[in-house]
Amino acid sequence: EMKWLPLPIIEGKIYADMVIDLLNQDSIPHYVKMDWTSSAYLVEAASLPNQVIRIFVPKEHLKKASSIADAILGINK
């Protein structure tokens, strides 16, 4: 059984795509959950106002995935 944990909330598809690309390069499993508007209407805009995207990764990959997301989002820890 795999426990999935969220990365920080990402506002905007461009930043989410950057994080996803790096997770793919590092072969880190993940799944993406978009807000209702984006997913219901299949909106692919670069960025919608208040667009929230959540990326979840398995617990054992959280540290590495968080450092990737933090670097893209400019979060200093």
Side-chain angles (χ1 to χ4, degrees):
E1 184 175 313
M2 200 177 298
K3 182 171 183 174
W4 294 85
L5 298 173
L7 295 178
I9 292 173
I10 301 173
E11 293 185 18
K13 187 165 178 356
I14 292 173
Y15 291 118
D17 285 344
M18 292 168 67
V19 172
I20 291 165
D21 186 49
L22 292 174
L23 293 176
N24 286 333
Q25 287 180 29
D26 283 344
S27 299
I28 296 175
H30 60 278
Y31 75 88
V32 180
K33 185 175 181 182
M34 292 187 187
D35 58 23
W36 184 86
T37 305
S38 299
S39 60
Y41 296 109
L42 300 175
V43 175
E44 286 290 329
S47 185
L48 295 173
N50 302 316
Q51 181 182 32
V52 174
I53 300 170
R54 299 298 311 251
I55 300 174
F56 293 82
V57 297
K59 183 179 180 179
E60 61 268 16
H61 294 283
L62 184 63
K63 185 174 180 181
K64 174 75 174 174
S66 290
S67 68
I68 291 170
D70 291 349
I72 296 294
L73 301 174
I75 298 172
N76 295 321
K77 290 189 176 185

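Everything numeric in this text was worked out from a predicted model, so none of it was measured.
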Minimal heavy-atom distance between Pro58 and Pro29, with the atoms involved, is CD-O, 3.2 Å

What's the separation between atom CG in Asn24 and atom CG in Asp17, rounded to the nearest 0.5 Å?
10.5 Å

Do the rings of Tyr31 and Phe56 sit parallel, tilted or perpendicular, given the 30° and 60° boundaries?
parallel

Student check: side-chain heavy atoms of Val19 and Ile53 closer than 4.5 Å:
no

Would you confirm whether Ser66, through its side chain, and Lys63, through its main-chain N or O, come within 3.5 Å as a donor-acceptor pair?
no

Applying the 4.5 Å side-chain criterion to the ILVMFWY set and letting contacts propagate, would Leu5 and Ile10 be lumped into a single cluster?
yes

Shared hydrophobic cluster, Trp4 / Ile55 (ILVMFWY, side-chain heavy atoms < 4.5 Å)
no

Kindly give the heavy-atom pair with the smallest separation between Leu73 and Tyr15, and that separation in Å.
CD2-CB, 4.0 Å

Interatomic spacing from CG in Leu7 to CG in Leu23 - rounded to 0.5 Å
6.5 Å

Where do Lys64 and Ile68 land on the side chain to side chain contact (heavy atoms under 4.5 Å, CB included) test, with the steps shown first?
CA-CA 6 Å; Lys64 174 75 174 174; Ile68 291 170; 4.3 Å; yes

Provide the closest heavy-atom pair for Ile28 versus Val57 in the form atom of the first, atom of the second, distance.
CG2-CG1, 4.1 Å

Quick one: does Arg54's side chain have a donor or acceptor within less than 3.5 Å of a partner on Met34's backbone?
no

Kindly compute the distance separating OG (Ser67) from CD1 (Ile75), expressed to the nearest 0.5 Å.
11.5 Å

